[in-house]
K.L.:
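Next up is a structure, given as structure tokens.
Letters A, B, ... mirror the listed sequences (proteins, then strands); counts begin at 1.
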There are 2 protein chains.
Amino acid sequence: MSLVTDADKPTLYKRIRADIEKRILTGEWPPGHRIPFEHELVARYGCSRMTVNKALSELAQADLIERRRRAGSFVRRPQHQSAVLKIADIRAEITALGRSYGYELIGRKLRAATAADRDRLGVKKAGKVVAITCRHSADKVPFAVEDRLIDLSSVPDAAAADFSREPPGSWLLHHVPWTEAEHTISAIVADDRTAEALDIAVGAPCLVIDRYTWRSARTITAVRLLYPGDSHRLVARFKGG
Amino acid sequence: MSLVTDADKPTLYKRIRADIEKRILTGEWPPGHRIPFEHELVARYGCSRMTVNKALSELAQADLIERRRRAGSFVRRPQHQSAVLKIADIRAEITALGRSYGYELIGRKLRAATAADRDRLGVKKAGKVVAITCRHSADKVPFAVEDRLIDLSSVPDAAAADFSREPPGSWLLHHVPWTEAEHTISAIVADDRTAEALDIAVGAPCLVIDRYTWRSARTITAVRLLYPGDSHRLVARFKGG
DNA sequence: TTGACTTATATGTCTAGACATATAATCGTA
DNA sequence: TACGATTATATGTCTAGACATATAAGTCAA
């Protein structure tokens with residue numbers, strides 16, 4: 001029940017960090033404002049430079065401030081435009097809900113990249129690709145259909161991989177470290193094929209996630225996930241600051 | 001053109017961090033795995049403890065590992081990827097696209113909270129609320145419709161605010177600092193009312209964003225944004241490693 | 001005025017210590 | 001066997017220095 005008694009005072013660097021955070025949050029130090037230099041904070045708090053440095057480094061890692069050599073540290077533009085969107089691995093997502101996970105490979109083709117494939121992967125010339133279509137289900141009910149393209153010139157091992165039991169997402173996660181990715185979220189209505197795969201009505205809303213994954217400027221994979229729009233929800237939670 | 005020549009080697013603590021990160025991302029060190037103790041890393045890299053501590057602290061701040069006193073540091077379970085989802089202020093979003101922003105208030109009501117209102121705001125008892133419906137447009141074309149509820153017990157000033165010119169989102173942004181928010185993304189098909197407001201066909205797909213904003217456990221506002229599903233795209237980009 | 005050079009300075013990284021603290025593991029006792 | 005006290009240890013925090021490095025700002029010449 002206790003109303004944050006705050007009996008134990010936090011450590012010094014955390015207090016420094018909290019002090020600065022509060023000033024930023026309340027707008028006392030607006031975006032662009034230069035916060036005191038390390039040596040000034042050292043004087044104010046009567047501690048060593050490493051202590052204030054730790055506080056400022058964490059604020060920088062949290063994207064609350066930006067640090068520039070010789071110039072100082074500055075309050076960054078508010079992040080109210082960005083949220084941390086947790087997009088779990090589908091299997092983890094389903095098991096986390098306490099439901100049984102089911103996976104079914106619908107199709108797998110190894111082929112020379114077509115023009116459409118190259119376009120989708122965002123590469124000019126590609127050798128071979130693997131195209132996979134599969135379905136994820138929760139408690140035997142279709143949860144999402146996946147339509148994926150893997151660039152074999154980036155992930156040669158994928159040619160030998162059999163995706164009949166392991167979903168390509170999990171396989172890739174364990175075989176290829178990604179460095180960058182982009183998600184695009186949109187909505188469509190189900191066409192015949194989608195409706196059948198998801199066991200929903202034609203014309204029902206679907207949430208679409210297109211994900212592209214790179215590894216240092218090399219495209220690894222492009223995947224489109226279709227979820228029944230009324231059943232699935234993407235939750236993005238974030239803390240302001 | 002240069003193929004990542006990597007001429008300048010990163011600093012030591014960054015190398016340590018990257019080494020560990022790579023092992024985690026490749027699955028070599030799966031969730032739950034205990035990573036080497038600080039003193040072991042000190043021995044391996046031939047540096048001081050503060051250097052490996054900085055690397056591990058950053059990994060902990062990034063939620064990649066969990067540190068437990070006396071026990072060690074462990075790879076964290078949630079293998080889910082987190083992406084920075086940019087959900088811009090709609091005006092900023094539209095002007096960023098180089099299009100002219102238009103705003104139109106459709107309705108504004110001040111009323112005692114109904115049961116539905118309380119449910120939507122997630123509060124047990126609420127005094128009054130403001131319910132606002134408005135439309136955002138880009139180049140005179142409907143871009144999104146907004147349906148918002150503001151809890152006046154949290155934001156009393158909103159009772160006096162006239163939202164005929166300024167969108168409630170901007171107003172709140174400038175008057176109330178939030179501390180936490182949650183977005184839920186889903187898809188629906190347009191009903192008659194929505195179709196008319198967005199000037200799209202009935203049955204066309206719509207992307208829905210439900211956003212709840214709190215300020216230290218106090219609900220501030222609940223808003224539902226409806227975008228034409230085929231025209232709007234939410235882009236979430238994130239860097240791995 | 002412009003461009004090249006120099007300098008001052010704030011941050012970036014690192015060290016070799018120190019003491020604090022939570023807790024896993026051990027030991028001893030009921 | 002179960003439980004309580006003790007101990008060992010890995011992390012948490014902090015210091016008072018050091019040198020590196022990017023760069024804003026000032027200086028000077030063309």
K.L.:
What's A/Ser57 touching, base or sugar-phosphate or nothing? Going by heavy atoms closer than 4.0 Å.
P.N.:
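A/Ser57: no heavy atom of the nucleic acid under 4.0 Å.
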K.L.:
Should A/Arg23 and A/His33 count as side-chain neighbours, where that means a heavy-atom distance under 4.5 Å?
P.N.:
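The answer is no, as the side chains (C-beta and beyond) never meet within the 4.5 Å cut-off.
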K.L.:
Tell me the interatomic distance from A/Ile65, atom CD1, to C/dG12, atom C1', rounded to whole angstroms.
P.N.:
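In whole Å, C/dG12 C1' lies 13 Å from A/Ile65 CD1.
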K.L.:
Whole-Å distance between D/dT23 P and A/Arg67 CZ?
P.N.:
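Atom CZ in A/Arg67 sits about 14 Å away from atom P in D/dT23.
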K.L.:
Quick one: A/Glu38 CD to D/dA16 C1', roughly how many Å, whole number?
P.N.:
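Distance, rounded to whole Å: 15 Å.
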K.L.:
Both B/Phe37 and A/Ala71 contact DNA chain D. Which one's nearest nucleotide lies toward the 5' end?
P.N.:
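Its nearest nucleotide being more 5', the pick is B/Phe37.
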K.L.:
Could you measure the distance from the CG atom of A/Leu149 to the CG atom of A/Asp117? Nearest 0.5 Å is fine.
P.N.:
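CG of A/Asp117 is found 4.5 Å from CG of A/Leu149.
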K.L.:
Give, for atom CZ of A/Arg148 and atom CZ of A/Arg224, the distance between the pair rounded to the nearest 0.5 Å.
P.N.:
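So the CZ of A/Arg148 and the CZ of A/Arg224 are separated by 14.0 Å.
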K.L.:
Please verify the inter-ring angle class for A/His136 with A/Tyr101; under 30° counts as parallel, over 60° as perpendicular, anything in between as tilted.
P.N.:
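If you compare the ring of A/His136 with that of A/Tyr101, the planes turn out tilted.
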K.L.:
Examine B/Arg91 relative to B/Tyr103 and say whether NZ or CZ is less than 6.0 Å from the centre of the six-membered ring and inside a 45° cone about the ring axis.
P.N.:
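Judged by the rule, B/Arg91 and B/Tyr103 form no cation-pi pair.
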K.L.:
Using atom CG of A/Leu56 as one end and atom P of C/dA10 as the other, report the distance to the nearest whole Å.
P.N.:
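Distance, rounded to whole Å: 14 Å.
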K.L.:
With axes from five pairs an end, tell me the bend angle of the helix from C/dT1-D/dA30 to C/dA30-D/dT1, nearest 10°.
P.N.:
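Computed angle between terminal axes is 20°.
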K.L.:
Rounded to the nearest angstrom, tell me the gap between atom CD in B/Glu40 and atom P in D/dT9.
P.N.:
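In whole Å, D/dT9 P and B/Glu40 CD are 13 Å from each other.
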K.L.:
Please report, rounded to the nearest Å, how far the C1' atom of C/dA22 is from the CD atom of B/Glu66.
P.N.:
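Value for this atom pair: 14 Å.
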K.L.:
For the side-chain contact (heavy atoms from CB on, under 4.5 Å) test, which of B/Asp19, B/Thr51, B/Ile20, B/Asn53 pairs with B/Leu41?
P.N.:
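Filter result, single survivor: B/Ile20.
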K.L.:
Rounded to the nearest 0.5 Å, what separates atom CZ in A/Arg68 from atom CD1 in A/Ile65?
P.N.:
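Between atom CZ of A/Arg68 and atom CD1 of A/Ile65 there are 11.5 Å.
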K.L.:
Quick check: do B/Glu38 and B/Ser73 have side-chain heavy atoms less than 4.5 Å from each other?
P.N.:
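No - every pair of side-chain heavy atoms lies 4.5 Å or more apart.
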K.L.:
Can you name the atoms? Protein N/O to nucleotides 13-15 of chain D N/O, anything below 3.5 Å, with the distance.
P.N.:
from: D/dT13; atom 1: OP1; to: A/Lys14; atom 2: NZ; distance (Å): 3.2
from: D/dC14; atom 1: OP1; to: A/Leu12; atom 2: N; distance (Å): 2.6
from: D/dC14; atom 1: OP2; to: A/Tyr13; atom 2: N; distance (Å): 3.1
from: D/dT15; atom 1: OP2; to: A/Ser48; atom 2: N; distance (Å): 2.9
from: D/dT15; atom 1: OP2; to: A/Ser48; atom 2: OG; distance (Å): 2.9
from: D/dT15; atom 1: OP2; to: A/Thr51; atom 2: OG1; distance (Å): 2.5

K.L.:
Would you list the protein and nucleotides 6-8 of chain C atom pairs, both N or O, that sit under 3.5 Å from each other?
P.N.:
from: C/dA8; atom 1: N3; to: A/Arg70; atom 2: NH1; distance (Å): 2.8

